[in-house]
Amino acid sequence: MSERDWPIDGELVVCSVAEVKDFAAFVNLDEYEGRQGLIPIAEIARGWIKHIRDYIREGQKVVCKVLHVDEHRGHIDLSLKDVNEHQRREKIQDWKNEQKAHKWIGFASTESNVDVKTFEEAMYAEFGSLYAAFEAIALYGDATLAKFSLPPEGTLALAKVASENVKVPKVTVSAVLELTSTKPDGVNIIRRALRSAEPKVDGAEIELLYLGAPHYRVKVVAPDYKTAEKALIKASEAAIGVMERAEGSGKLIRKQK
């Protein structure tokens, strides 16, 4: 299912092969309910084709490129040969993700008594993809939910479904903090510095590991490298600031020697 009724030229679409003739293949567009397209034999594969069924068969799931759409006549011309293997794999994965997201919408609807269409319209309006909307909910929580025009029970249901079903991708960055103090209470100063190195960026988790004085590993886990790097810099600057104010020193080492 798609937010639109018809595909657009150049779009990649997932199709189920309905019928194969000597001159063409007829397919159903899985994301556009009730829409059927045609793949001429010249668009099946590159080079001369002796037997079309050597390349495509009934019941097969294929990814095609939309060449032309005539809404008035109800015609959709497609190409199979213009889709490379990378595009095919990526599109199939996107399609599978969207299928899962449709199922999650059903869970949210049952949980909240908000109808499926209301959820879909709100999420498509902001993201154009249900799966992308669920990912954003899992990553950013209330900031994303606030974008949807939904009743409170609807947003609560979406938050619950996202937390239970969406696996948020994580990245990890790390570096070494070198903290030194010659003061009699230097150990306590370093402890204060490490306590200050807490995550000050939403969505980031930080872990400090003692490597042996004066080195401490800072490990940051976050949804993306930009967020992780931001948290790493903030944490290290906070710790170094404590050290310098106490007449000690600190520096961030990207690669341990």
Side-chain angles (χ1 to χ4, degrees), residues 90 93-94 96-98 100-101 103-105 107-108 111 123 126-148 150 152 154-181 185-246 248-257:
E90 194 172 66
Q93 187 59 57
D94 288 344
K96 287 181 178 179
N97 287 342
E98 204 68 3
K100 287 189 290 187
K103 188 181 295 184
W104 298 339
I105 289 286
F107 297 159
E111 180 80 18
M123 297 167 81
E126 289 294 331
F127 290 91
S129 161
L130 298 181
Y131 188 80
F134 271 112
E135 276 194 322
I137 294 168
L139 285 168
Y140 307 112
D142 291 343
T144 297
L145 291 167
K147 297 179 180 181
F148 305 136
L150 293 169
T155 56
L156 287 173
L158 284 182
K160 179 182 178 182
V161 171
S163 66
E164 292 175 347
N165 294 280
V166 181
K167 294 181 179 179
V168 179
K170 298 285 188 180
V171 299
T172 301
V173 297
S174 64
V176 175
L177 271 175
E178 184 178 279
L179 306 177
T180 306
S181 175
D185 63 340
V187 172
N188 290 328
I189 294 171
I190 291 173
R191 284 175 179 168
R192 290 202 305 274
L194 292 173
R195 282 197 298 270
S196 73
E198 297 176 350
K200 296 176 174 60
V201 177
D202 289 342
E205 301 172 7
I206 194 166
E207 181 182 359
L208 298 170
L209 178 65
Y210 176 64
L211 298 177
H215 296 126
Y216 304 83
R217 182 173 297 283
V218 185
K219 177 184 174 183
V220 178
V221 179
D224 54 74
Y225 282 106
K226 183 178 179 180
T227 302
E229 185 68 16
K230 185 177 180 181
L232 177 64
I233 295 298
K234 279 203 167 190
S236 60
E237 286 179 346
I240 292 169
V242 170
M243 296 303 300
E244 291 178 345
R245 287 192 293 274
S249 65
K251 65 179 178 178
L252 185 66
I253 305 172
R254 290 292 183 169
K255 291 185 178 180
Q256 191 177 12
K257 296 180 180 180

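Source: prediction; values computed, not measured.
To the nearest 0.5 angstrom, Phe107 atom CZ is 9.5 Å from Glu164 atom CD. Rounded to the nearest 0.5 angstrom, Trp104 CH2 and Glu98 CD are separated by 10.0 Å. With values rounded to the nearest 0.5 angstrom, Ser174 atom OG is found 10.0 Å from Leu209 atom CG.
Residues forming a side-chain contact (heavy atoms from CB on, under 4.5 Å) with Leu208 (at least two apart in sequence, or on another chain): Leu194, Ala197, Val218. For Ile233, the side-chain contact (heavy atoms from CB on, under 4.5 Å) partners are Glu229, Glu237, Leu252, Arg254, not counting sequence neighbours. The side-chain hydrogen bond (donor to acceptor under 3.5 Å, both in side chains) test applied to Gln93 returns Asn97, not counting sequence neighbours. In terms of the side-chain contact (heavy atoms from CB on, under 4.5 Å) criterion, residue partners of Glu90 (sequence neighbours excluded) are, by chain and number, His86, Asp94. For Lys160, the side-chain hydrogen bond (donor to acceptor under 3.5 Å, both in side chains) criterion is met by Glu111, not counting sequence neighbours. With sequence neighbours left out, the side-chain contact (heavy atoms from CB on, under 4.5 Å) criterion links Ala133 to Met123, Phe127, Phe148. Applying the side-chain hydrogen bond (donor to acceptor under 3.5 Å, both in side chains) criterion to Asp224, with sequence neighbours excluded, gives Thr227.
Residue pairs that meet the salt bridge (charged side-chain N to carboxylate O under 4.0 Å, His left out) test with at least one member in residues 171-181, sequence neighbours left out, are Glu178-Lys251.
Taking 4.5 Å as the limit, some side-chain heavy atom of Glu135 sits within range of a side-chain heavy atom of Val166. Tyr216 is not listed as a side-chain neighbour of Val176, based on a closest heavy-atom distance of 4.5 Å or more. Contact check for Lys219 versus Thr172: side-chain heavy atoms found under the 4.5 Å cut-off. Using a 4.5 Å heavy-atom cutoff, the side chains of Ile253 and His215 are in contact.
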Which donor-acceptor pairs under 3.5 Å do the side chains of residues 137-146 make with protein atoms, sequence neighbours left out?
from	atom 1	to	atom 2	distance (Å)
Thr144	OG1	Ala136	O	3.1

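Of the possible polar contacts, none joining the Tyr225 side chain to the Ala228 backbone as a donor-acceptor pair under 3.5 Å is found.
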**Study point:** Trace of the side chain to side chain contact (heavy atoms under 4.5 Å, CB included) decision for Ile240 with Leu177
**Key:** CA-CA 8 Å; Ile240 292 169; Leu177 271 175; 4.1 Å; yes
Practice item. Mind running side chain to side chain contact (heavy atoms under 4.5 Å, CB included) on Ile105 and Leu130 for me, showing each step along the way? Key: CA-CA 8 Å; Ile105 289 286; Leu130 298 181; 4.1 Å; yes
Point to revise | Met243/Ile189 under side chain to side chain contact (heavy atoms under 4.5 Å, CB included): CA gap, chis, key distance, verdict | key: CA-CA 7 Å; Met243 296 303 300; Ile189 294 171; 3.8 Å; yes
Review point. Going through the checks in order, is the side chain to side chain contact (heavy atoms under 4.5 Å, CB included) test met by Leu158 and Leu150?
Key: CA-CA 10 Å; Leu158 284 182; Leu150 293 169; 3.5 Å; yes
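The two residues Ala101 and Phe134 come nearest to each other via the heavy atoms O-CE1, 3.6 Å. The two residues Ala204 and Val220 have their closest heavy-atom pair at CB-CG1, 4.2 Å.
A donor atom on one side chain and an acceptor atom on the other are not found under 3.5 Å apart for Glu244 and Ser249.
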